[in-house]
Amino acid sequence: MHAAGGPLPLRELADVTDCSSRQLQRDFDDVLGVSPREYGASVRAMNARHTLRSADSITDAIYSAGYGSVRAFYEKASRRLGMTPSDFAAGAPQHLQIRSSTESAVCHLTCVAGPRGICLLLHSNADQSTPEGDELRIREEFPHAIIERDDRAMRDVMRALCLIAEGKLAPELPVDVTGTAFQTRVWAALREIPFGETRTYADIAEEIGEPAAIRAVGSACGANRVPLTIPCHRVIRSDGTLGGFAWGLEVKEDLLAAESSPLRRQ
DNA sequence: ACTGTCTGTGCTT
DNA sequence: AAGCACAGACAGT
């Protein structure tokens, strides 16, 4: 489907992968958490991001991305862009984001936020190099945005992030992240986990109505660009082991220990 | 436990 | 109106 740039008939996929169409449906659901058709729709939407950049007109881009009509594009894909197609086609030059960095008691934090909320949160400690790596990661995520450092505007946000990083109760922060339909559902479920509690990957899968998509929940947690604010550290495995965490298992362990200790609550 | 067939339902074109 | 994908039920391995 990536080669084709969009969804493929189920029969065709089944022939290529040499398994039955029913089995393919089940495998997609188990591993990816979405149906083959839905996955293809995401591929096509991603494809549209590229054609929008290169085509002469929005309409051309929409058709060459494989949509049958302009209407279909606006219904299915335009929400994923996070801006109007014409803004996106122009490279979103006017999109302004602010960033700030601070030292928490535990680690160095760098946060990038747009008008609607936090869109990226990076962490580093003494072992790892900081500024260049962060810069690269930010550029990778937002290649066309204007990003300015503004510590004053971010002061309250950074303060709240420090609290969470230390395992203390903090005000909820607005987030502005885009993902697949499935990721969005997982991230929303993660934000429902109360401070001081944990859930298993299976719990989350159950909660979003995809009880089989346990591994997919794990991937969605891994794809979380704003740890702490979307508390993926509160998800552990059913057997009690920690599972994974982008910032390292030690950090995850410390966070959970601090959050569950009543003495350190505020 | 895993797999394929059959089938009713609902969405898309 | 026709075709297709989806997902539950069921039976065979």
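Below, chains carry the letters A, B, ... as their sequence lines are ordered, and counting in each starts from 1. Computed over heavy atoms, backbone and side chain alike; hydrogens, waters and symmetry mates excluded.
Regarding A:Asp29, its CG atom lies at a distance of 6 Å from the P atom of C:dA7, rounded to whole Å. Put simply, CZ on A:Arg11 is 10 Å from P on C:dA5, counting in whole angstrom units. Between A:Gln25 atom CD and C:dC4 atom P the separation is 14 Å, expressed in whole Å. Nucleotide B:dC2 holds its C1' atom 15 Å from the CG atom of A:Leu24, rounded to whole Å. One interatomic measurement links the two molecules: CG of A:Leu8 to C1' of C:dC4, which rounds to 14 Å at whole-angstrom precision. Atom P of nucleotide B:dA1 and atom CG of A:Asp30 are separated by 14 Å, given to the nearest angstrom. When the C1' atom of B:dT3 is taken as reference, atom CG of A:Asp27 falls 10 Å away, rounded to whole Å. Atom pair A:Leu13:CG and C:dC6:P shows a separation of 10 Å (rounding to whole Å applied).
In this structure, A:Ser35 does not reach the C:dA5 phosphate: none of its side-chain N or O atoms is under 4.0 Å from OP1 or OP2.
In plain terms, the two heavy atoms of A:Asp134 and A:His108 that are nearest each other are OD2-CD2, 4.4 Å.
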Original post:
Quick one: what's the B/S/- string for nucleotides 5-13 of chain B, heavy-atom cutoff under 4.0 Å, read 5' to 3'?
Top reply: B-------S
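For residues 5-18 of chain A, the salt bridge (charged side-chain N to carboxylate O under 4.0 Å, His left out) pairs, not counting sequence neighbours, are A:Arg11-A:Asp15. Pairs passing the salt bridge (charged side-chain N to carboxylate O under 4.0 Å, His left out) check and including a residue from residues 198-217 of chain A, sequence neighbours excluded, read A:Arg185-A:Glu210, A:Glu197-A:Arg199. Listed by first and then second residue, the side chain to side chain donor-acceptor pair (under 3.5 Å) pairs that reach into residues 221-232 of chain A are A:Glu141-A:Arg225, sequence neighbours excluded.
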Show me the side-chain donor-acceptor pairs of residues 235-244 of chain A shorter than 3.5 Å, one per line, residues at least two apart or across chains.
from	atom 1	to	atom 2	distance (Å)
A:Arg237	NE	A:Thr241	OG1	3.0
A:Asp239	OD1	A:Thr241	N	2.9
A:Asp239	OD1	A:Thr241	OG1	2.6

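Residues forming a ring-ring contact (aromatic ring centres under 6.0 Å, His included) with A:Phe182 (at least two apart in sequence, or on another chain): none.
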